Amino acid sequence: MLETRRGRLGALLVVGCLLGVVLVGAGTIPSIDLTTDYEHHVGEQVEIDGTVVDTDPVRIDHEGVVLTIAGVESVTHEPIERGDHLVVYGTVETDHTIAAHDIVVQSPWEFQYLYAVSLVGALWVLGRFLRGWRLDVGRLAFEPRRKGEEGPD
Amino acid sequence: MADLLTHVLVAYALATALSIRYEWVTPHLVTVAMMGAIIPDLSRLSLLVAEETVTAALGVPFDWFGFHTLGGIVAASLVGVVLVGEEYRQRVALLLLLGAVSHLLLDALLVKPSGVSAPLWWPLAAQGTPTPGLYLSSDRWLALAAGGCAALTWVVRYRVVPNLEDRTWV
């Protein structure tokens, strides 16, 4: 049933819809959104992240909203600089302030490393895939290349 | 996420180790496991198209993070299963899931200030699991450790095992 182009396209449509349902469903996973109706969440514990825009006091840009992080000195001795990425676990307080219980600090270059190294990983897999598999356009199916069939067709 | 290279190296090591015991796990299928390890990080599509854009356009809740959950990797693996012939479906499904689940398991150990992981196991659970906080995604030693494991399995699979022709393996 699934061996023809048409069968596969139909199946892809179905699976695509399933994937769509999953991504929409994931949008309903409960989480605290501080960008809308901040006051509603005062008193709640949140884990949020953002980029440091000020260091004294420490303020981060969390999805467009600037939040002050209180109590940074008591949870970490790491130097915090503008541009660093913070993940903060704390209590929401009035005046767009989060009282921090714990913080993770990452500097921009650490993210550059992360993305560069991830790119290497992605390219390696892409290379292996292109060398190992070929597309049978007639059936719209991928199949392993046999020995001696290196390179794209 | 831990860095993608680490995830891919771990998937390589797991699949290559499996190939020692199961002959049908060819290098082509090791590649499939490595592709499975990438699936959860399709959530990074949020860097290209913001969730708000999709929600505004379609009027539904939406989160690319869905790819980084159990539900998401199963749905995404089905795409791979559809795109291969009947004779490869089971094996491709197995190895895609092996790679993807290994990615989720590694990410379940990431440092989180709250002590709880992301909701990786949705839809089975809407909350994450307590994490021992072993590493940050940007830790450099991760790729080295994973690379070491990958190198080790390569050596065993392609250098040690072929030289033990006269031994019987359990």
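Here is how names work: the chains are called A, B, and so on, in the same order as the sequence lines, proteins then strands, and each is numbered from 1. The figures that follow rest on heavy atoms only: side chains count, while hydrogens, waters and symmetry mates do not. In this text, all values refer to a predicted model and were calculated from it rather than measured experimentally.
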Please flag which part of Arg128(A) lies under 4.5 Å from any non-hydrogen atom of chain B: side chain, backbone, both or neither. both
Least distance between heavy atoms, Pro113(B) atom then Val87(A) atom: CG-O, 3.4 Å
Taking His28(B)'s backbone N and O only, do any of them form a donor-acceptor pair with Trp133(A)'s side chain (distance below 3.5 Å, no angle check)? yes
Segment of Val79(B) engaging chain A (4.5 angstrom heavy-atom cut-off): both
Quick one: do Leu13(A) and Leu58(B) end up in the same hydrophobic cluster if we chain Ile, Leu, Val, Met, Phe, Trp and Tyr together by side-chain heavy atoms under 4.5 Å apart? no
Toward chain A, the part of Leu78(B) with a non-hydrogen atom under 4.5 Å: both
Compare all side-chain heavy atoms of Leu83(B) with those of Leu12(A) and state whether any distance is below 4.5 angstrom. yes
Below 4.5 Å, heavy-atom pairs only: which of Leu19(A), Asp136(A), Val46(A) has the largest tally toward chain B? Leu19(A)
Quick one: do Trp64(B) and Ile73(B) end up in the same hydrophobic cluster if we chain Ile, Leu, Val, Met, Phe, Trp and Tyr together by side-chain heavy atoms under 4.5 Å apart? yes
Under 4.5 Å heavy-atom distance to chain B, tell me which part of Phe142(A) shows up: side chain, backbone, both or neither. both
Look at the side chain of Arg139(A) and the backbone N and O of Gly85(B), then say whether any donor-acceptor pair between them is shorter than 3.5 Å. no
Using a 6.0 Å cut-off, check whether atom CD of Glu44(A) has over 12 heavy atoms from anything other than its own residue. yes
I need the Leu5(B) CG to Trp124(A) CH2 distance, nearest 0.5 Å. 7.0 Å
Would you say Ile38(B) and Val81(B) are hydrophobically clustered, going by side-chain heavy atoms of ILVMFWY under 4.5 Å? no
Under 4.5 Å from any heavy atom of chain A, what part of Tyr12(B) do you find: side chain, backbone, both or neither? side chain
Give a yes or no on whether Gln45(A) atom CD has more than 12 heavy-atom contacts from other residues, nucleotides or ligands under 6.0 Å away. yes
When rounded to the nearest 0.5 Å, the distance separating CG of Leu114(A) from OG1 of Thr6(B) is 9.0 Å
With rounding to the nearest 0.5 Å, note down the distance linking OH in Tyr113(A) to CG in Asp139(B). 8.5 Å
Below 4.5 Å, heavy-atom pairs only: which of Glu143(A), Gln106(A), Glu47(A) has the largest tally toward chain B? Glu47(A)
Looking only at Met34(B), His7(B), His68(B), Arg140(B), the option with the highest number of non-hydrogen pairs under 4.5 Å against chain A is Arg140(B)
With chain A as the partner chain, list the residues of residues 87-110 of chain B whose heavy atoms fall under 4.5 Å from it, by residue number, and write 'none' if nothing qualifies. Tyr88(B), Arg89(B), Val92(B)
Would you say Tyr22(B) has more than 12 foreign heavy atoms packed within less than 6.0 Å of its OH? no
Side-chain heavy atoms nearer than 4.5 Å, only ILVMFWY residues, links allowed to pass through others: does that put Val116(B) and Tyr135(B) together? no
With chain A, the option among Val84(B), Thr55(B), Val8(B) that has the most non-hydrogen atom pairs under 4.5 Å is Val84(B)
In this structure, would Trp154(B) and Leu18(B) fall into the same cluster of hydrophobic residues linked by side-chain contacts under 4.5 Å? yes
Can you check whether Val104(A) reaches Leu136(B) side chain to side chain, under 4.5 Å on heavy atoms? yes
With heavy-atom distances below 4.5 Å as the criterion, would you say the side chains of Val32(B) and Phe129(A) are in contact? no
Decide if atom CG of Asp95(A) counts as having more than 12 heavy atoms of other residues, nucleotides or ligands within a radius under 6.0 Å. no
Gap separating the NE2 atom of His85(A) from the OG atom of Ser138(B), nearest 0.5 angstrom: 10.0 Å
Counting a contact as any heavy-atom pair under 4.5 Å apart, which residues of residues 29-36 of chain A contact chain B? Ile29(A), Pro30(A)
Identify the heavy atoms of Ser118(A) and Leu4(B) that sit nearest to each other, and give their distance. OG-N, 3.1 Å
Which one wins on heavy-atom pair count under 4.5 Å against chain B: Ala11(A), Ala122(A), Gly16(A), Gly25(A)? Gly25(A)
Does any non-hydrogen side-chain atom of Val22(A) lie less than 4.5 Å from one of Trp122(B)? yes
Closest heavy-atom contact between Val125(A) and Thr31(B)? O-CG2, 4.3 Å
Point-to-point distance, once rounded to the nearest 0.5 Å, from CZ of Phe65(B) to CG of Leu23(A): 11.5 Å
From the list Ala11(B), Ala37(B), Ser114(B), Gly80(B), the residue making the most non-hydrogen contacts under 4.5 Å with chain A is Ser114(B)
